[in-house]
Structures are given as C-alpha cells and as structure tokens.
Amino acid sequence: MEYRRSENLKDPSLNQRIITLIKNIPEGKVATYGQIATMAGNPQATRLVVWTLNSCSQKEKLPWHRVINSKGRISLKPGQGYELQKMLLQKDGIKFEEDDSIDLEKYLWSPSEIRL
DNA sequence: AACCTGACTTCGG
DNA sequence: TCCGAAGCCAGGT
C-alpha cells in the first residue's frame with residue numbers, strides 16, 4: 001500500500017512530518033520506524049526517525065513509546081528505557097506476548113485518515 | 001566543511 | 001535460518 005501526500009502542501013522538512021505523524025499515533029496503537037518513514041514520504045529514512053525521536057520526543061511531547069521496530073519489539077535495552085516504554089504501552093492498553101513482543105497484526109496503526 | 005551518530009531495515013552469504 | 005554489513009537522512013561536532 002502506498003501513502004501519498006497531497007501535493008499542495010508546503011514542504012515541511014521530513015523530520016517535521018515525522019514528528020507530526022508520531023503525534024498522530026492513537027492510543028492503543030503502535031507504529032514501526034519503517035512505517036513512519038514511509039508515511040512521511042521516504043521509506044528509507046528510518047534512521048532519521050530514530051534521530052527525530054532522540055532529539056524531539058521531549059520538547060515535542062511525542063508519544064515516543066508507540067514507536068517500535070519491525071519485529072514488534074522494543075528497541076531499547078533494559079535499563080535504557082525498555083521498562084519505561086513497556087509500561088507506557090501497557091498503560092495504553094497494549095498487551096505483550098509471552099516473549100515480550102507486541103502483536104503487530106493486532107496493534108499496528110493503520111493510518112486510514114491521516115492527512116499531513 | 002567533513003565526519004560521526006542514532007531507539008532501524010534490508011539484503012547477501 | 002541466522003548473523004554481519006551496508007544503506008538511508010539530517011543535525012551535531
């Protein structure tokens with residue numbers, strides 16, 4: 001499936017779009033880095049998503065915990081924020097499998113009505 | 001101005 | 001199937 005953006009928009013920087021998208025992740029849903037990058041218009045900017053989360057999650061007040069990797073697992077290491085993220089996700093109503101992974105089929109965000 | 005980095009993803013051996 | 005290596009982007013140094 002393709003995520004296209006309307007052409008008469010201004011051209012905010014890619015990371016600005018990334019920020020906007022992350023802000024739009026609804027409670028109870030998660031998105032993968034690659035998905036965010038794709039929606040922002042550049043499927044190959046996953047590293048940028050990482051950078052964006054690191055640099056803007058706090059000041060932009062992003063729901064950063066809703067962003068996970070493609071395997072449906074938290075990318076942070078224990079003691080580095082892993083536990084916090086897991087807690088926040090559970091607070092959102094997301095359940096973890098026995099191996100601590102998240103069922104993407106069930107929780108992956110489907111941005112059907114998002115317009116940038 | 002060149003080089004490094006980051007919570008990833010994908011491809012090849 | 002599993003692990004290593006390369007690739008991608010923009011801001012920071």
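Every value quoted in this text rests on a predicted model; they were computed, and no experiment measured them. Chain letters run A, B, ... following the sequence lines, proteins first and then strands; every chain starts at 1.
In this structure, the CD atom of A:Q16 is 11 Å from the P atom of C:dG11, given to the nearest Å.
Of the possible polar contacts, one joining the A:Q35 side chain to the A:T32 backbone as a donor-acceptor pair under 3.5 Å is found. Checked by atom type and distance alone, the side chain of A:D103 pairs as donor or acceptor with a backbone atom of A:E105 at under 3.5 Å.
Taking 4.5 Å as the limit, some side-chain heavy atom of A:R66 sits within range of a side-chain heavy atom of A:E27. Residues A:T46 and A:I36 form no side-chain contact, since every pair of their non-hydrogen atoms from C-beta on lies 4.5 Å or further apart.
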Report each atom pair, protein N/O against N/O of nucleotides 6-13 of chain B, whose distance is under 3.5 angstrom.
unit_1, atom_1, unit_2, atom_2, d
B:dG6, N9, A:R47, NH2, 3.3
B:dG6, N7, A:R47, NH2, 2.6
B:dG6, N2, A:R47, O, 3.3
B:dA7, N7, A:N54, OD1, 3.4
B:dA7, N3, A:Y33, OH, 2.9
B:dC8, OP1, A:S75, OG, 3.3
B:dC8, O2, A:T46, OG1, 3.0
B:dC8, N4, A:R47, NH1, 3.1
B:dT9, OP1, A:S70, N, 3.0
B:dT9, OP2, A:S70, N, 3.0
B:dT9, OP2, A:S70, OG, 3.4

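Using modelled atom types and a 3.5 Å distance limit, the side chains of A:Y82 and A:D100 yield a donor-acceptor pair. A donor-acceptor contact closer than 3.5 angstrom is absent between the side chains of A:T52 and A:N15.
Residues A:W109 and A:N24 share a closest heavy-atom pair of CZ2-O, 3.5 Å.
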Next on the checklist: Reading 5' to 3' and counting Watson-Crick or G-U wobble pairs with both distances under 3.5 Å, write the dot-bracket notation for DNA chain B, | for bases paired outside the strand.
Outcome noted: .|||||.||||||

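Note that OG of A:S55 and CD of A:E60 are 8.5 Å apart. Values are rounded to the nearest 0.5 Å.
Side-chain N/O atoms of A:N42 include one lying less than 4.0 angstrom from OP1 or OP2 on C:dC9.
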